Amino acid sequence: MGALRMRWIEHALRAEAEVVDGTLSVVAVHRVAEAAGRAVVGAVPRLLGVTVHIDHEPLP
């Protein structure tokens with residue numbers, strides 16, 4: 001499980017998402033992060049951008 005954080009910066013939103021999956025390759029992680037970023041920006045009005053972090057192991 002990961003986290004999603006959104007912040008207002010002036011009149012726009014910025015987001016950070018965290019995804020945890022220890023089974024993916026580096027190439028697959030990159031593809032997932034790009035697709036997730038595009039999906040979130042397309043779905044949330046006034047969202048300027050999103051940073052997606054993929055962690056291979058969940059934090060304790």
Side-chain angles (χ1 to χ4, degrees):
M1 179 175 287
L4 174 66
R5 291 173 289 285
M6 297 180 121
R7 296 183 186 92
W8 282 104
I9 300 176
E10 296 188 15
H11 298 287
L13 285 168
R14 291 281 309 168
E16 293 180 29
E18 180 181 287
V19 178
V20 178
D21 189 335
T23 64
L24 298 175
S25 69
V26 173
V27 173
V29 163
H30 183 71
R31 288 182 183 146
V32 167
E34 285 185 336
R38 283 191 306 271
V40 172
V41 168
V44 178
R46 299 176 74 179
L47 182 64
L48 287 182
V50 61
T51 301
V52 179
H53 303 279
I54 310 284
D55 291 329
H56 283 280
E57 295 184 30
L59 296 174

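We number each residue from 1, following the sequence as shown. Just so it is clear, the model here is predicted, and its values are computed rather than measured.
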Spacing of CD1 belonging to Ile54 relative to NE2 belonging to His30, to within rounding of 0.5 Å: 11.0 Å
Residues 2-13 side chain polar contacts: donor-acceptor under 3.5 Å, at least two apart:
| residue | atom | partner | partner atom | Å |
| --- | --- | --- | --- | --- |
| Arg7 | NH1 | Glu16 | OE2 | 3.0 |

When every non-hydrogen atom of Val41 is compared with those of Gly49, the smallest separation belongs to CG2-CA, 4.0 Å
With the 4.5 Å side-chain cut-off for hydrophobic clustering, are Leu48 and Val50 part of the same group? no
Heavy-atom closest pair, residues Ala43 and Pro45: O-CD, 3.6 Å
List the atom of Ala33, the atom of Val52, and the distance in Å for their closest heavy-atom pair. O-CG2, 3.7 Å
